[in-house]
Amino acid sequence: MSMLDKMLERYYASRLNTLAVTAACLGVLGGLIRIFWFTPIDSYQGVVQKIFYIHLPCAIGAFTAFFGVFVASIAFLAVRKDVFDDLASSLAEVGVACCSLVLITGPIWAKPAWGAYWTWDNRLTTTLILWVLYVGYLLLRHLSLESEQGKRAAAVLGIIAFLDVPIVRMSVKWWRSIHPSVLSGQKGTGLDRPMVETLWISLLTFLFFFAVLLVERFALARAKTLLKKVRMQMEVC
Amino acid sequence: MEYLTAAYLVLWAGLFGYVLRLSSKNAELLRNVRILVDFWDTKVSESPPKKP
Amino acid sequence: MSTLTATLALVQRDFMVEARSKEIFIPLGLFCLVLLLLFVFSLSPLPDQSRQLFPALYLTLLALSGILALEKAIERERRDDGLYGIVVSPVGLSSLYLGKTFSTLAFLFVVGIVSIPVFIAFLGLSLSWLQLLWIVWVEMLFLFGFSALGTIMTLLSWNVRARHVLLAVLLYPLMIPPLLASSSLMRQGLNGRFEMGSGWGSLLVGFDLLYFGMGLLLIEHVLEE
């Protein structure tokens with residue numbers, strides 16, 4: 001039994017999970033209340049700009065999660081412990097969820113701000129490609145029926161997909177610089193002090209919420225793996 | 001606009017209640033799995049295999 | 001047996017099988033032709049547009065038919081447990097990867113070269129010899145990356161249900177950077193600029209080297225047992 005398992009057990013045994021979930025939920029709720037009622041409205045974009053406080057934390061959460069998949073995949077290939085495989089799959093799921101939120105909130109914001117739901121801008125295109133890649137990653141996991149070979153395949157894909165990110169970014173950037181875009185996607189940077197504070201609060205609360213979700217997902221994955229192990233031992237006997 | 005925002009917040013609250021419920025279910029599941037694994041490790045695997 | 005001789009033997013074996021069965025060349029060439037007809041009819045480009053369209057069309061068709069080649073090569077191994085035979089033989093896994101990559105590259109390269117005249121005829125292009133050479137060179141770089149990545153992806157999805165769809169879903173997003181790079185390079189060549197030193201050239205070569213290296217490094221984790 002690994003150290004992570006022991007920590008998980010203690011986490012649930014001491015009812016820390018209820019506390020963490022409650023704290024995360026109240027935190028995000030408080031953050032939302034602050035966003036909607038106690039933050040000045042952007043003078044150029046109006047109310048729409050408030051989606052930014054949700055959009056950015058999701059984007060940061062997604063990229064962090066995908067980086068985590070990369071690290072966990074390397075660890076899995078090096079040590080071949082199931083813990084890392086479970087960690088990678090949980091991270092990928094949370095990452096895809098965040099990335100989907102980014103892709104949903106982005107167009108909602110882009111329509112009033114830029115005049116179009118979608119532009120083939122550097123960041124947008126990179127995020128879309130990433131989303132497709134990691135949905136493919138989850139699909140590979142799902143379709144390989146949790147075989148040992150499937151786990152290794154997923155780890156290899158987790159490494160390759162993340163290494164692709166800088167190349168995709170670079171290529172999409174140059175591609176756009178060759179085809180000048182009609183809409184220049186410049187984001188308003190003139191944030192007021194209360195706006196910056198709100199951004200930080202919302203960043204922290206959202207990331208905490210995602211972390212709590214990750215722990216839940218990871219606990220489920222561990223339970224599944226442990227059960228499977230016992231079942232295999234039973235079949236041997 | 002105010003109503004819309006309030007409805008949005010209520011939606012979030014509902015989602016949070018759901019997550020809380022999931023978490024307590026998760027805790028229960030993990031507890032049961034732990035009991036099963038411990039039982040298997042201490043009782044079954046250490047007792048000598050029965051002769052057919 | 002050294003890695004090089006083993007690789008050459010594997011490539012030779014693939015060519016021999018192909019020479020007898022002709023499972024890849026003829027279907028692939030026909031597929032390319034049919035797709036070209038579809039595109040030309042649906043886009044119906046004007047003469048000056050077709051010159052701009054050519055690189056994207058050509059490379060997309062190669063990528064589309066390339067997946068068929070990858071599929072077919074693996075299908076053949078699956079049918080008679082050929083892959084298992086290679087894995088248990090003294091041939092190293094890296095030679096297996098090299099052999100598969102280079103034979104796929106060779107097949108696709110030939111298909112690509114053969115289809116250039118068809119493209120020229122259908123799209124009504126006029127190209128200088130230098131431009132033709134440039135197209136072939138860029139095509140080779142593109143296909144090298146495609147085969148290097150495609151081989152490892154095919155082996156990844158080897159034992160998976162619905163692997164045909166999965167291969168396309170996994171491979172094409174990863175192929176976007178080299179596709180952008182090589183179509184830009186080709187377009188520059190058609191406009192009379194032949195330089196590899198630009199950002200696109202180094203991006204394409206960097207992509208090729210990165211995925212070739214990754215493939216060599218990770219193949220032992222993909223194929224085990």
Side-chain angles (χ1 to χ4, degrees), chain A residues 1 5-37 41 46-48 50-51 54 90 205-206 209-210 212-213 215-234 236-237, chain B:
Chain A
M1 203 166 104
D5 280 334
K6 276 192 189 118
M7 276 161 69
L8 261 187
E9 201 185 343
R10 221 167 292 156
Y11 176 74
Y12 279 104
S14 60
R15 295 219 157 263
L16 210 61
N17 67 319
T18 320
L19 189 70
V21 170
T22 315
C25 294
L26 288 181
V28 174
L29 206 60
L32 286 173
I33 288 172
R34 190 186 154 97
I35 290 170
F36 285 121
W37 281 294
I41 291 172
V47 189
V48 192
K50 287 184 191 291
I51 206 167
I54 298 165
S90 319
T205 49
F206 267 95
F209 182 65
F210 292 144
V212 169
L213 277 190
V215 172
E216 295 295 335
R217 184 64 191 83
F218 181 64
L220 201 61
R222 282 314 290 164
K224 205 171 171 184
T225 309
L226 288 176
L227 265 186
K228 210 172 149 191
K229 228 178 248 169
V230 173
R231 196 158 146 193
M232 268 164 67
Q233 287 171 351
M234 281 177 183
V236 168
C237 282
Chain B
M1 196 64 208
E2 293 282 297
Y3 289 113
L4 206 66
T5 327
Y8 183 64
L9 290 183
V10 168
L11 198 75
W12 270 106
L15 185 75
F16 292 156
Y18 183 64
V19 175
L20 201 62
R21 200 176 126 77
L22 275 188
S23 180
S24 69
K25 287 214 162 193
N26 238 353
E28 195 185 328
L29 176 73
L30 226 67
R31 215 161 35 237
N32 289 340
V33 169
R34 174 63 52 213
I35 291 169
L36 184 67
V37 170
D38 284 345
F39 176 72
W40 178 260
D41 281 352
T42 52
K43 298 278 165 52
V44 185
S45 58
E46 280 169 16
S47 63
K50 285 173 197 162
K51 279 170 195 164

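Scope of the values below: all heavy atoms of this structure, side chains included, with no hydrogens, waters or symmetry mates. Throughout, a chain's letter reflects where its sequence line sits, starting with A, and its residues are numbered from 1.
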### Summary
Okay, B:L36 and chain A: the region with an atom under 4.5 Å from a heavy atom over there is side chain
### Query
Quick one: what part of B:S23 sits under 4.5 Å from any heavy atom of chain A, side chain, backbone, both or neither?
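Interface part for B:S23: both.
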### Query
Which bit of A:L26 comes within less than 4.5 Å of chain B, counting heavy atoms only: side chain, backbone, both or neither?
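A:L26 has no heavy atom closer than 4.5 Å to chain B.
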### Message
Counting only non-hydrogen atoms closer than 4.5 Å, does A:Y11 touch chain B with its backbone (N, CA, C, O), its side chain (CB onward), both, or neither?
### Response
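Neither part.
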Working to the nearest 0.5 Å, report the span between [atom1] of [X] and [atom2] of [Y].
X	Y	atom1	atom2	answer
A:Y12	A:T18	OH	OG1	9.5 Å
A:L226	B:L30	CG	CG	8.0 Å
A:L227	A:R231	CG	CZ	8.5 Å

### Query
In terms of heavy-atom pairs under 4.5 Å with chain B, which of A:L29, A:T22, A:V215 leads?
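Sorted descending by pairs with chain B, the first entry is A:L29.
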### Query
Do A:R10 and A:L16 have side-chain heavy atoms sitting under 4.5 Å apart?
no
### Query
How about A:M7: does its CE atom have over 12 heavy atoms from other parts shown lying under 6.0 Å from it?
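No.
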